[in-house]
Amino acid sequence: MNSVGESCTDLKRDYDQCFNRWFAEKFLKGDRSEDPCTETFRKYQRCVQKAIKEKDIPVDGVEFMGPNKDKPES
Amino acid sequence: MRKYPNPMNPNVVGVDVLDRGLDTEGRLHSHRLLSTEWGLPAIVRAILGTNHTQTYVKEHSIVDPEEKKMELCSTNITLTNFISVDERLLYRPHPENPEVTILTQEAIITVKGVSLSSYLEGMMARRMSANARKGCSSTVMTSLPVYSL
(Lines give C-alpha, C1' and ligand atoms only; values in the text may rest on other atoms or scores of the structure.)
Protein backbone atom coordinates (compact mmCIF):
# COMPACT_ATOMS: atom_id res chain seq x y z
CA MET A 1 0.00 0.00 0.00
CA ASN A 2 1.44 3.32 -1.05
CA SER A 3 1.80 6.53 0.84
CA VAL A 4 -0.51 9.44 0.15
CA GLY A 5 2.66 11.30 -0.83
CA GLU A 6 4.18 9.26 -3.65
CA SER A 7 7.77 10.12 -2.76
CA CYS A 8 7.25 8.93 0.82
CA THR A 9 6.45 5.32 -0.05
CA ASP A 10 9.98 3.99 0.64
CA LEU A 11 10.18 5.72 4.01
CA LYS A 12 6.73 4.39 4.76
CA ARG A 13 7.80 0.82 3.93
CA ASP A 14 10.76 1.11 6.28
CA TYR A 15 8.55 2.35 9.06
CA ASP A 16 5.82 -0.23 8.39
CA GLN A 17 8.34 -3.08 8.56
CA CYS A 18 9.70 -1.81 11.85
CA PHE A 19 6.25 -1.25 13.28
CA ASN A 20 4.78 -4.58 12.13
CA ARG A 21 7.69 -6.44 13.74
CA TRP A 22 7.26 -4.61 17.04
CA PHE A 23 3.49 -4.98 16.90
CA ALA A 24 3.46 -8.76 16.31
CA GLU A 25 6.49 -9.75 18.38
CA LYS A 26 6.20 -7.37 21.30
CA PHE A 27 2.97 -5.49 21.64
CA LEU A 28 0.52 -8.34 21.02
CA LYS A 29 2.52 -10.62 23.31
CA GLY A 30 2.21 -8.22 26.18
CA ASP A 31 5.77 -6.93 26.01
CA ARG A 32 5.68 -3.28 26.95
CA SER A 33 9.22 -2.44 25.92
CA GLU A 34 9.83 0.78 24.06
CA ASP A 35 9.10 0.61 20.34
CA PRO A 36 12.30 0.97 18.32
CA CYS A 37 10.73 2.83 15.44
CA THR A 38 10.83 6.44 16.63
CA GLU A 39 13.62 7.55 14.29
CA THR A 40 12.15 5.85 11.19
CA PHE A 41 8.79 7.31 12.07
CA ARG A 42 10.20 10.81 12.36
CA LYS A 43 11.82 10.64 8.90
CA TYR A 44 8.64 9.23 7.40
CA GLN A 45 6.48 11.88 9.10
CA ARG A 46 8.56 14.78 7.79
CA CYS A 47 7.89 13.54 4.28
CA VAL A 48 4.18 12.91 4.84
CA GLN A 49 3.47 16.26 6.48
CA LYS A 50 5.13 17.97 3.54
CA ALA A 51 2.98 16.01 1.08
CA ILE A 52 -0.16 16.83 3.07
CA LYS A 53 0.62 20.54 2.88
CA GLU A 54 1.39 20.35 -0.82
CA LYS A 55 -1.84 18.54 -1.58
CA ASP A 56 -3.77 20.76 0.76
CA ILE A 57 -5.38 17.87 2.60
CA PRO A 58 -7.49 19.15 5.51
CA VAL A 59 -6.28 16.82 8.26
CA ASP A 60 -6.90 19.10 11.18
CA GLY A 61 -10.01 20.04 13.02
CA VAL A 62 -12.26 17.12 12.16
CA GLU A 63 -14.56 15.72 14.81
CA PHE A 64 -15.08 11.99 15.09
CA MET A 65 -18.11 10.11 16.29
CA GLY A 66 -15.44 8.80 18.60
CA PRO A 67 -14.94 5.56 20.47
CA ASN A 68 -16.94 5.15 23.69
CA LYS A 69 -13.87 5.14 25.87
CA ASP A 70 -11.87 7.66 27.83
CA LYS A 71 -9.61 9.77 25.71
CA PRO A 72 -5.92 8.88 25.99
CA GLU A 73 -3.26 11.22 27.28
CA SER A 74 -1.38 12.25 24.15
CA MET B 1 -3.65 -3.24 11.16
CA ARG B 2 -3.97 -4.85 7.76
CA LYS B 3 -7.44 -3.83 6.77
CA TYR B 4 -5.93 -2.49 3.52
CA PRO B 5 -4.94 -3.59 0.90
CA ASN B 6 -8.02 -5.68 0.64
CA PRO B 7 -8.84 -7.22 -2.72
CA MET B 8 -12.54 -6.88 -2.02
CA ASN B 9 -12.36 -3.14 -1.50
CA PRO B 10 -9.98 -1.82 -4.14
CA ASN B 11 -10.85 1.79 -3.57
CA VAL B 12 -8.22 2.59 -0.94
CA VAL B 13 -5.10 3.72 -2.79
CA GLY B 14 -2.96 5.27 -0.08
CA VAL B 15 -2.53 4.90 3.67
CA ASP B 16 -0.32 6.92 6.00
CA VAL B 17 0.15 6.89 9.73
CA LEU B 18 -0.11 10.40 11.14
CA ASP B 19 0.35 9.61 14.78
CA ARG B 20 0.67 6.61 17.00
CA GLY B 21 1.13 5.96 20.69
CA LEU B 22 0.17 4.03 23.77
CA ASP B 23 -2.25 5.35 26.32
CA THR B 24 -1.98 4.89 30.08
CA GLU B 25 -3.91 1.62 29.85
CA GLY B 26 -1.51 0.10 27.34
CA ARG B 27 -3.82 0.42 24.36
CA LEU B 28 -2.30 1.38 21.00
CA HIS B 29 -3.87 4.42 19.34
CA SER B 30 -3.18 5.20 15.69
CA HIS B 31 -4.34 8.06 13.55
CA ARG B 32 -4.21 7.30 9.85
CA LEU B 33 -4.93 9.15 6.65
CA LEU B 34 -6.48 7.13 3.86
CA SER B 35 -6.91 8.21 0.28
CA THR B 36 -9.65 6.56 -1.68
CA GLU B 37 -10.34 6.48 -5.37
CA TRP B 38 -14.02 6.29 -6.18
CA GLY B 39 -13.73 6.27 -9.94
CA LEU B 40 -16.45 8.90 -10.13
CA PRO B 41 -17.72 9.50 -13.63
CA ALA B 42 -17.08 12.98 -14.99
CA ILE B 43 -20.70 14.06 -14.68
CA VAL B 44 -20.78 13.26 -10.97
CA ARG B 45 -17.58 15.17 -10.45
CA ALA B 46 -19.10 18.11 -12.31
CA ILE B 47 -22.13 18.04 -10.00
CA LEU B 48 -19.92 17.89 -6.92
CA GLY B 49 -17.82 20.68 -8.33
CA THR B 50 -14.57 18.91 -7.78
CA ASN B 51 -11.64 18.22 -10.05
CA HIS B 52 -10.10 15.86 -7.57
CA THR B 53 -10.70 12.17 -8.08
CA GLN B 54 -9.47 11.18 -4.64
CA THR B 55 -11.26 11.60 -1.37
CA TYR B 56 -9.54 11.49 1.98
CA VAL B 57 -10.57 9.78 5.18
CA LYS B 58 -9.15 10.16 8.68
CA GLU B 59 -9.15 7.04 10.85
CA HIS B 60 -8.55 6.58 14.57
CA SER B 61 -7.94 3.04 15.75
CA ILE B 62 -7.47 1.57 19.21
CA VAL B 63 -5.98 -1.86 19.79
CA ASP B 64 -6.48 -3.35 23.24
CA PRO B 65 -4.23 -6.40 23.48
CA GLU B 66 -5.57 -7.49 26.87
CA GLU B 67 -9.25 -7.46 26.00
CA LYS B 68 -8.40 -8.46 22.43
CA LYS B 69 -10.47 -5.67 21.01
CA MET B 70 -9.90 -3.37 18.12
CA GLU B 71 -11.94 -0.30 17.40
CA LEU B 72 -11.80 1.81 14.27
CA CYS B 73 -13.48 5.17 13.78
CA SER B 74 -13.26 6.98 10.51
CA THR B 75 -14.72 10.03 8.87
CA ASN B 76 -14.26 11.67 5.49
CA ILE B 77 -12.36 14.94 5.47
CA THR B 78 -13.03 15.90 1.87
CA LEU B 79 -16.43 16.37 0.18
CA THR B 80 -17.60 17.42 3.64
CA ASN B 81 -19.85 20.11 2.17
CA PHE B 82 -21.74 17.39 0.43
CA ILE B 83 -21.66 14.26 2.55
CA SER B 84 -20.34 13.09 5.86
CA VAL B 85 -19.78 9.40 6.58
CA ASP B 86 -18.80 8.56 10.14
CA GLU B 87 -18.06 4.91 10.60
CA ARG B 88 -17.23 2.90 13.69
CA LEU B 89 -16.13 -0.73 13.70
CA LEU B 90 -15.53 -2.80 16.79
CA TYR B 91 -13.89 -6.24 16.64
CA ARG B 92 -14.07 -8.27 19.83
CA PRO B 93 -14.14 -11.89 20.96
CA HIS B 94 -17.56 -13.50 21.17
CA PRO B 95 -18.49 -13.58 24.88
CA GLU B 96 -19.37 -17.26 24.75
CA ASN B 97 -16.86 -18.52 22.22
CA PRO B 98 -13.48 -16.77 22.15
CA GLU B 99 -12.57 -18.53 18.90
CA VAL B 100 -15.13 -16.37 17.17
CA THR B 101 -14.82 -12.66 16.49
CA ILE B 102 -17.77 -10.32 16.48
CA LEU B 103 -17.71 -7.29 14.24
CA THR B 104 -20.12 -4.49 15.05
CA GLN B 105 -20.33 -1.76 12.49
CA GLU B 106 -22.19 1.50 12.71
CA ALA B 107 -22.29 4.40 10.33
CA ILE B 108 -23.87 7.81 10.43
CA ILE B 109 -24.36 9.12 6.94
CA THR B 110 -25.41 12.72 6.45
CA VAL B 111 -26.04 14.17 3.04
CA LYS B 112 -26.22 17.93 3.09
CA GLY B 113 -28.44 20.26 1.13
CA VAL B 114 -29.28 17.93 -1.75
CA SER B 115 -32.80 16.88 -2.70
CA LEU B 116 -31.57 13.38 -3.48
CA SER B 117 -30.47 13.03 0.14
CA SER B 118 -32.57 10.07 1.23
CA TYR B 119 -31.78 8.18 -1.98
CA LEU B 120 -28.05 8.76 -1.56
CA GLU B 121 -28.10 7.90 2.12
CA GLY B 122 -29.90 4.67 1.31
CA MET B 123 -27.41 3.85 -1.42
CA MET B 124 -24.42 4.50 0.86
CA ALA B 125 -25.95 2.43 3.63
CA ARG B 126 -26.58 -0.51 1.32
CA ARG B 127 -23.09 -0.28 -0.12
CA MET B 128 -21.48 -0.20 3.30
CA SER B 129 -23.55 -3.12 4.48
CA ALA B 130 -22.50 -5.15 1.44
CA ASN B 131 -18.86 -4.16 1.92
CA ALA B 132 -18.95 -5.09 5.60
CA ARG B 133 -20.05 -8.59 4.69
CA LYS B 134 -17.34 -8.89 2.04
CA GLY B 135 -14.73 -7.42 4.37
CA CYS B 136 -15.53 -9.81 7.18
CA SER B 137 -14.77 -12.89 5.13
CA SER B 138 -11.37 -11.60 4.04
CA THR B 139 -9.97 -9.60 6.94
CA VAL B 140 -11.07 -11.51 10.01
CA MET B 141 -9.97 -14.87 11.34
CA THR B 142 -12.81 -17.36 11.62
CA SER B 143 -16.51 -17.37 10.93
CA LEU B 144 -18.39 -14.65 12.68
CA PRO B 145 -21.91 -13.43 13.15
CA VAL B 146 -22.13 -9.94 11.74
CA TYR B 147 -24.32 -7.38 13.39
CA SER B 148 -24.18 -4.55 10.91
CA LEU B 149 -26.24 -1.48 10.21
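Order of the sequence lines fixes the chain letters, A, B, ..., with proteins taken first and strands second; residue numbering starts at 1 for each chain. These values consider heavy atoms only, across backbone and side chains, with no hydrogens, waters or symmetry-generated copies. Values in this document were obtained by computation on a predicted structure and should not be read as measured data.
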Sub-4.5 Å side-chain heavy-atom contact between [X] and [Y]:
X: A/Gln45; Y: B/Asp16; value: no
X: A/Phe19; Y: B/Leu28; value: yes
X: B/Ile77; Y: A/Val59; value: yes

Among A/Tyr44, A/Phe41, A/Tyr15, the residue with the most heavy-atom pairs under 4.5 Å to chain B is A/Tyr44
**Asked** Any link between B/Met128 and B/Val111 through a network of hydrophobic side chains (Ile, Leu, Val, Met, Phe, Trp, Tyr) touching at under 4.5 Å?
**Response**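 Linked within one cluster.
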Hydrophobic cluster membership, with links at side-chain heavy-atom distances under 4.5 Å among I/L/V/M/F/W/Y: are B/Leu90 and B/Leu103 in one?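 Each belongs to a different hydrophobic cluster.
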Rounded at 0.5 Å granularity, tell me how far [atom1] in [X] sits from [atom2] in [Y].
X: B/Arg20; Y: A/Thr38; atom1: CZ; atom2: OG1; result: 12.5 Å
X: B/Thr78; Y: A/Lys55; atom1: OG1; atom2: NZ; result: 12.5 Å
X: A/Ile57; Y: B/Gln54; atom1: CD1; atom2: CD; result: 8.5 Å

Hits for side chain to side chain donor-acceptor pair (under 3.5 Å) against A/Asp16, two or more places apart or cross-chain, chain-then-number order -> A/Lys12
Those residues at least two apart in sequence (or on a different chain) that pass side chain to side chain donor-acceptor pair (under 3.5 Å) with B/Asn97 are none
What part of B/Leu18 lies closer than 4.5 angstrom to a heavy atom of chain A: side chain, backbone, both or neither?
->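 For B/Leu18, backbone and side chain are both near chain A.
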Checklist entry - Should the heavy atoms of other residues, nucleotides or ligands under 6.0 Å from CD of A/Glu39 be counted, would the total exceed 12? => result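 Atom CD in A/Glu39 is packed in, count exceeds 12.
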Shortest non-hydrogen pair, B/Gly26 vs A/Phe27, comes out as O-CE1, 3.4 Å
Which pair of non-hydrogen atoms, one from B/Val15 and one from A/Met1, has the smallest distance, and what is that distance?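 Shortest heavy-atom contact: CG2-CG, 3.4 Å.
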Applying a strict 4.5 Å limit to non-hydrogen atoms, the region of A/Glu6 in contact with chain B is neither
At a heavy-atom separation under 4.5 Å, does A/Val48 approach chain B through its side chain, its backbone, both, or neither?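 It is the side chain, since no backbone atom gets that close.
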